Protein chains: 2
Amino acid sequence: MAELTGLQKQYILHWGEMGTRWGINRTVAQIHALLYLSPCALPAEEIAETLSVARSNVSTSIRELETWGIVRAVHVLGDRREHYESMKDVWEMFRLVIEQRKRREIDPTREVLRRCLAELDAKEPGSDYTRERLEAMAGFFEAVTELYDQMKRLPTGTVRKLLRMGTKVRKKAS
Amino acid sequence: MAELTGLQKQYILHWGEMGTRWGINRTVAQIHALLYLSPCALPAEEIAETLSVARSNVSTSIRELETWGIVRAVHVLGDRREHYESMKDVWEMFRLVIEQRKRREIDPTREVLRRCLAELDAKEPGSDYTRERLEAMAGFFEAVTELYDQMKRLPTGTVRKLLRMGTKVRKKAS
DNA sequence: CATTACTTTCAGTACAAACAGAATATACAG
DNA sequence: CTGTATATTCTGTTTGTACTGAAAGTAATG
């Protein structure tokens, strides 16, 4: 993984852009893409060179990826440096990311909605319209959470199987 | 909707923050929150005042919300100004947003992955590892797309019903 | 325990997105 | 046609995030 092929470059750059669109730092996403494509774990130094970013920037970004749980440090015999490798199971990676974004964004939103509704009862029992809207929104978030919980219970791979089943059934019916 | 209650303020501010985390402009999200809570359509002027942002900023943001299809202009008799109102069906709103983000981000990513794999065949038939990784990622995106398409076929409300069913079944089983 | 290899933290800088306000355009009323 | 109300576009400024390079920190080696 010394030099990038044009193809790898293309993938890494695109992944970086996608990241930014979903509120993920470009460098973080690029590093992830690089590690994902790399057959072996890479030291920070090499990542910095390959992507032309500061060594320190790599350090911070790696740490973020580690908190997501999709990158980890491994040791290579005869080398004092940390080497970093990405998880390779795509489904599991996305599961991790989704789980954490849910915790950080969906759950707090549910909290706010609940608190709003409670306050509404206490202080402004009259404002029916606001209540109606907040309840609709709260219902949505509860449902999404429910959906998520049900998915989580399914063992790995089941989603994929269900998907295949669904496709077949629909094809038969048509 | 002249003055905001503390509660409405809370919701609007939170919604703004959530927006930024998902790559949506804070003002855009706030305006959406305001219109969503408002029982009647509001003129741009009033939105600007209520949220303390520049009139021009409202203009741009509204336009973005219009392109998403979740806000539209309506006319009020005896008033030359445009009044804006938000869609109220939460499920439909999210459906619209998801559909468009898929178009703008998921689909292009699938494109890139396909192109990469094609190029890989043409130019570098040897690089097995890269191919393996790209194929795994491509497979994931295809599956997500498939899942999305299947969901889309379901008539409105079915997701909600399925959800309730799922809950019941699981409760019985336990 | 001093030196070297490596990593993280910190402080300032650069950059891109968001924004305000002015300028311009459009549409309506008299 | 003129003046007024409203909407949009444009330009410069602000703001916040990402980033760099230097400094400090940590740990292994001889």
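Remember, it's a predicted structure, so these values are computed and weren't measured experimentally. Per chain, numbering begins at 1; letters A, B, ... match sequence-line order. These values consider heavy atoms only, across backbone and side chains, with no hydrogens, waters or symmetry-generated copies.
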> Can we say A/E99 and A/K102 salt-bridge, meaning some charged N sits less than 4.0 Å from an Asp/Glu carboxylate O?
Replying inline: no
> Separation of A/I31 atom CD1 from D/dA18 atom P, in whole Å?
Replying inline: 13 Å
> Whole-Å distance between D/dT20 P and A/I47 CD1?
Replying inline: 14 Å
> With no hydrogens and no angle check, is any side-chain donor or acceptor of A/S52 less than 3.5 Å from a backbone partner on A/A48?
Replying inline: no
> When hydrophobic residues are tied together by side-chain contacts of less than 4.5 Å, even through go-betweens, does A/Y36 share a cluster with A/L96?
Replying inline: yes
> C/dT8 P sits how many Å from A/E66 CD, rounded?
Replying inline: 8 Å
> Where each residue is assigned the nucleotide of DNA chain C containing its nearest heavy atom, which of A/R81 and A/T60 is assigned the position nearer the 5′ end?
Replying inline: A/R81
>> Is there a side-chain contact between A/H32 and A/W68 in this structure, where contact means two heavy atoms from C-beta onward sitting under 4.5 Å apart?
In response: no
> Can you check the B/I62 CD1 to D/dA7 P distance for me, whole Å?
Replying inline: 10 Å
> Under 4.0 Å between a side-chain N or O of A/R63 and OP1 or OP2 of C/dT7?
Replying inline: no
> The side chain of B/D79 lies closest to which of these nucleotides: C/dT8, D/dT6, C/dT7?
Replying inline: D/dT6
>> Quick one: does any side-chain atom of A/Q8 pair with a main-chain N or O of A/T5 as donor and acceptor, under 3.5 Å?
In response: yes
> Between atom CD in B/E64 and atom P in D/dT8, what is the gap in whole Å?
Replying inline: 14 Å
> Can you check salt bridge (Lys or Arg N to Asp or Glu O under 4.0 Å) on B/E92 and B/R95, steps first, answer last?
Replying inline: CA-CA 5 Å; B/E92 179 61 11; B/R95 201 191 59 72; 3.0 Å; yes
>> Expressed as a whole number of angstroms, how long is the span from B/E49:CD to D/dT6:P?
In response: 12 Å
>> Measure CD/A/E17 against C1'/D/dA18 and give the value in whole Å, please.
In response: 14 Å
> Checking B/S38 side chain against B/L34 main chain: does a donor-acceptor pair fall under 3.5 Å?
Replying inline: no
>> Within the 4.0 Å limit for protein heavy atoms, which parts of nucleotides 11-27 of chain C are touched? Write it as a string from 5' to 3', B for base, S for sugar-phosphate only, - for none.
In response: -------SSBB-----B
>> Please report the distance, rounded to the nearest Å, between CD in A/Q30 and P in D/dC19.
In response: 8 Å
> When all nucleic acid strands are considered with a 4.0 Å heavy-atom cut-off, which category describes B/E82: base, sugar-phosphate, or nothing?
Replying inline: sugar-phosphate
